[in-house]
Each structure stands twice: as structure tokens, then as C-alpha cells.
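For reference, the structure is listed below as C-alpha cells.
Whatever order the structure lists them in is the order used to number ligands and atoms, beginning at 1. Hydrogens, waters and symmetry mates play no part in the numbers below; they use all other heavy atoms, side chains included.
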Amino acid sequence: MAEIAIKGVAKRFGGFTALHQVDLSIADQEFMVLLGASGCGKTTLLRIVAGLETPSHGEVWIGGRRVDNLPPRERGIAMVFQNYAVFPHLTVFENIAFGLRMKKLPQQEVEQRVNRTAELMHIEQLLKRYSGQLSGGQRQRVAVARALAMEPDVILMDEPLSNLDALLRLEMRAELKGVLAASKTTTIYVTHDQVEAMSLADRIAVMHQGRIVQAASPVEVYRNPAARFVGSFIGNPPMNFIPATKAANGSWSVAGLTLPGPKSDRQKIEFAIRPEDVDAGSEGLQATVRVIEPLGPHTLVTCDVEGGLFRAILESNASVQVGDHLRLAPKPDRIRWFDPETTNAL
Ligand code: ATP
């Protein structure tokens with residue numbers, strides 16, 4: 001069992017606070033993705049779990065054991081990094097065997113483990129090649145095989161696919177997902193790529209300015225953002241936000257529509273809807289079309305709504321023209337509301 005508990009972890013670099021009191025529990029065999037923009041603290045948090053960085057405050061537990069005072073090699077973890085640190089002067093076999101030799105495992109076991117993980121990563125035909133002669137994708141597979149060969153309880157990955165071209169990324173993403181699910185390890189995976197996060201994660205921890213804003217399943221994070229930042233960061237294009245003004249009988253006025261909404265003492269809150277959750281019709285938000293982008297399966301229409309930008313994904317055969325005044329009806333069960341001051345969901 002290798003559940004991970006990050007308890008009240010803070011990290012300061014001089015006067016700068018990179019992490020504020022982060023709490024996160026990761027279940028045994030769970031695939032947790034840390035997602036956020038550059039500089040939000042993802043790598044710092046991963047390095048603290050790895051033991052490459054010391055927290056200024058807080059505790060890290062792995063498998064029921066407190067590890068924040070243990071060196072990396074005693075934490076039962078393996079790591080795969082962005083630049084994957086495969087040794088070019090060693091063969092693929094020796095690269096995968098590297099950690100096993102350090103552990104002084106018997107030759108027979110080394111061979112068994114190398115062969116098994118090489119097969120898993122589809123690189124068994126490359127074992128005798130020097131790693132310096134491999135393509136980026138092949139080197140990436142070697143790096144993952146080397147981590148898996150250690151049979152770790154926990155694998156930590158920091159943007160492991162970022163050096164690959166788009167097509168290979170897609171292929172490796174699917175492969176990684178399959179291999180890691182089969183290997184029964186607990187995984188923490190850092191990325192700033194939301195599609196990668198959505199596709200791989202059991203749960204996504206969305207980070208912003210050194211805090212975890214929401215940790216939930218990909219569907220939950222997408223459908224029910226806990227805070228405005230999550231709705232504006234996840235989704236391409238992201239969620240639309242429109243000011244809402246209190247109207248009679250506890251309802252809210254939003255761009256020409258009166259909608260039932262949450263109870264709030266405030267006179268103004270924010271209405272939010274995803275671009276794909278509106279239908280063009282005779283009733284709805286008042287919108288003026290500014291840009292039309294036919295994207296094949298659908299059409300992306302950028303409009304003015306209440307003086308702000310609003311993006312709607314409409315059917316590809318929608319007959320709209322620049323300058324048209326549209327009515328965009330939001331799907332009632334997809335509407336979300338946010339408090340403009342706390343930015344939390346209402
Ligand atoms: P990226 O996706 O760009 O790698 P990240 O979310 O992983 O970003 P971190 O590398 O964790 O971000 O950095 C978080 C913040 O802490 C950044 O503002 C960074 O400049 C700062 N930081 C990280 N390491 C150090 C250090 N050794 N000394 C000073 N500041 C640091």
C-alpha cells in the first residue's frame with residue numbers, strides 16, 4: 001500500500017512563498033495529476049515528495065511512513081523527468097538495469113526485470129542499442145522502463161512527454177496510461193497541459209499561485225469548477241463569465257435573461273457557462289457575432305455579450321454571420337455561479 005499524504009506543506013525560497021500550506025491525499029494506486037500554469041509550484045511540490053527539496057513546513061507520508069526527513073533513496077519512489085536523463089554511453093539494457101545494479105540485485109533478477117519492463121514498453125528489440133542512438137520517443141520509453149524496473153511503490157513524473165512531438169505525445173500518453181494502470185503504482189504526474197491531465201488522471205489537483213484550488217476527477221473539475229480560476233484555466237476555449245445582477249424574487253438578470261440562481265447577499269455575482277453548453281434560438285443571452293471560425297466538427301463563434309467576449313460552440317451547419325444578433329440559450333443544468341470577491345463557486 002502506497003498512499004501519499006501531503007500535510008500542510010509550505011515552501012519558501014528566501015522571501016518568496018512558492019507553496020502555501022498544501023494538503024493533498026493520494027490513494028494507493030491512484031494516478032494524480034498536478035496541473036497548473038508555469039510557476040504555480042507543481043515541480044516544487046513534486047520535488048518535496050521526492051526528497052529533492054525540503055519543505056519549510058509540513059509533512060510528507062508515503063505508505064503510512066513519515067518520509068520528509070528521509071533521503072530520496074529511502075522513500076520507495078522512482079522518478080521520470082522532462083529531460084529523462086538516459087545515459088547515452090550505456091546500452092538500453094544497462095540504462096534500465098542501472099538502478100537495479102545500484103541496489104545490488106542478483107544478475108538473474110536484473111535480467112528478468114529488464115526484459116519484462118522492456119517488453120511492457122515495446123523496446124525489447126532496442127536492448128543492445130546505445131541510448132545516444134535513439135529517437136526522443138524511444139529514449140522516453142527507456143526512461144519509463146527504468147523507473148518501472150525498480151518496481152517502486154510510487155512513480156513521480158515531471159512533464160515526461162514535453163519533449164516529444166504532438167503525434168508521439170498522443171501515442172505515449174495512451175501507452176503510459178495503460179502501463180501505469182497495470183503496474184499498480186501510485187503516480188504523481190506534473191503537467192501544464194490540460195488535455196494530458198484530463199486524459200491520464202484519476203484525479204487532477206489544479207494549482208494556482210502555490211495553492212491547490214481543487215482536487216477532483218477530470219469530469220468534476222470540468223463540470224463543477226470549485227473556483228473561477230479552474231473554469232477559466234480548464235477547457236479550450238475556457239468557460240464564459242458574465243456579470244449577473246440581482247432581480248426580483250431571488251432571480252438574476254444576465255444579458256437580457258432572467259434566471260433562477262443561488263441565494264446571495266450580493267447585488268452582483270457572476271454567471272458562467274461552457275462554450276458548448278448554449279444553443280442558438282429565439283430566446284437566450286443577447287449576443288452580437290464578432291468572429292466565426294469553422295473548425296470541422298463544429299463552429300466556434302466569438303460574440304459580444306454585455307460588452308465582454310463570449311465564445312459559443314455551435315453546430316458546423318449553423319447559419320450565422322458576423323454582425324448577427326443571436327440569442328444563446330444556456331442549458332439550465334450546466335449553468336454555474338461564482339462569487340466575484342472570493343471567486344468561489346456559489
Ligand atoms: P513550470 O511549469 O514552469 O516548471 P512550476 O509550476 O513547476 O512551473 P515551480 O518550478 O514549482 O513551478 O516554481 C514555483 C515558483 O517557485 C516559481 O515562481 C519559481 O520561480 C520559484 N522557485 C522554484 N525553485 C526555486 C529556487 N530554487 N529558488 C528560488 N525560487 C524558486
Taking the basic N atoms (NZ, or NE/NH1/NH2) and the acidic carboxylate oxygens, is any pair closer than 4.0 Å for [X] and [Y]?
X      : Y      : answer
Asp68  : Lys7   : no
Arg266 : Glu341 : yes
Glu59  : Arg66  : yes
Glu196 : Arg169 : yes
Arg116 : Glu151 : yes
Glu30  : Arg203 : yes

Taking [atom] as the reference point, the nearest protein heavy atom with its distance:
atom                    : result
atom 31 (C) of ligand 1 : Phe13 CD1, 3.3 Å
atom 3 (O) of ligand 1  : Ser38 OG, 2.6 Å
atom 7 (O) of ligand 1  : Thr43 OG1, 2.7 Å
atom 2 (O) of ligand 1  : Lys42 NZ, 2.9 Å
atom 9 (P) of ligand 1  : Thr44 OG1, 3.5 Å

Atom indices of ligand 1 within 4.0 angstrom of Ala37 heavy atoms, with elements: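 It comes down to these atoms of ligand 1: 6 (O).
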Looking at Phe16, which atoms of ligand 1 are within less than 4.0 Å of one of its heavy atoms?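 Atoms satisfying the 4.0 Å criterion: 15 (C), 16 (O), 18 (O), 21 (C).
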Quick check on atom 15 (C) of ligand 1 - does any protein heavy atom sit closer than 4.0 Å to it?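 Looking at atom 15 (C) of ligand 1, one finds that a protein heavy atom does lie closer than 4.0 Å.
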Under 4.0 angstrom from ligand 1, any heavy atom of Gly41?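 Judged by the 4.0 Å heavy-atom criterion, Gly41 does count as contacting ligand 1.
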Taking a cutoff of less than 4.0 Å between a non-hydrogen atom of the residue and any ligand atom, is Gly14 in contact with ligand 1?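 In this structure, Gly14 fails to qualify as a contact of ligand 1 - no heavy atom is under 4.0 Å.
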Ligand 1 and Cys40, any nitrogen or oxygen pair closer than 3.5 angstrom?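 Indeed, backbone or side chain, Cys40 has an N or O that close.
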Polar proximity ligand 1 side, Gly39 side, N/O cut 3.5 Å exclusive: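 Yes - when backbone and side-chain N and O of Gly39 are compared with those of ligand 1, one distance drops under 3.5 Å.
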Checking Thr44 against Lys11: is there a side-chain donor and acceptor pair closer than 3.5 Å?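 No donor-acceptor contact under 3.5 Å links the two side chains.
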Could you tell me whether the side chains of Tyr189 and Glu159 share a donor-acceptor contact shorter than 3.5 Å?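 No, no side-chain donor-acceptor pair sits under 3.5 Å.
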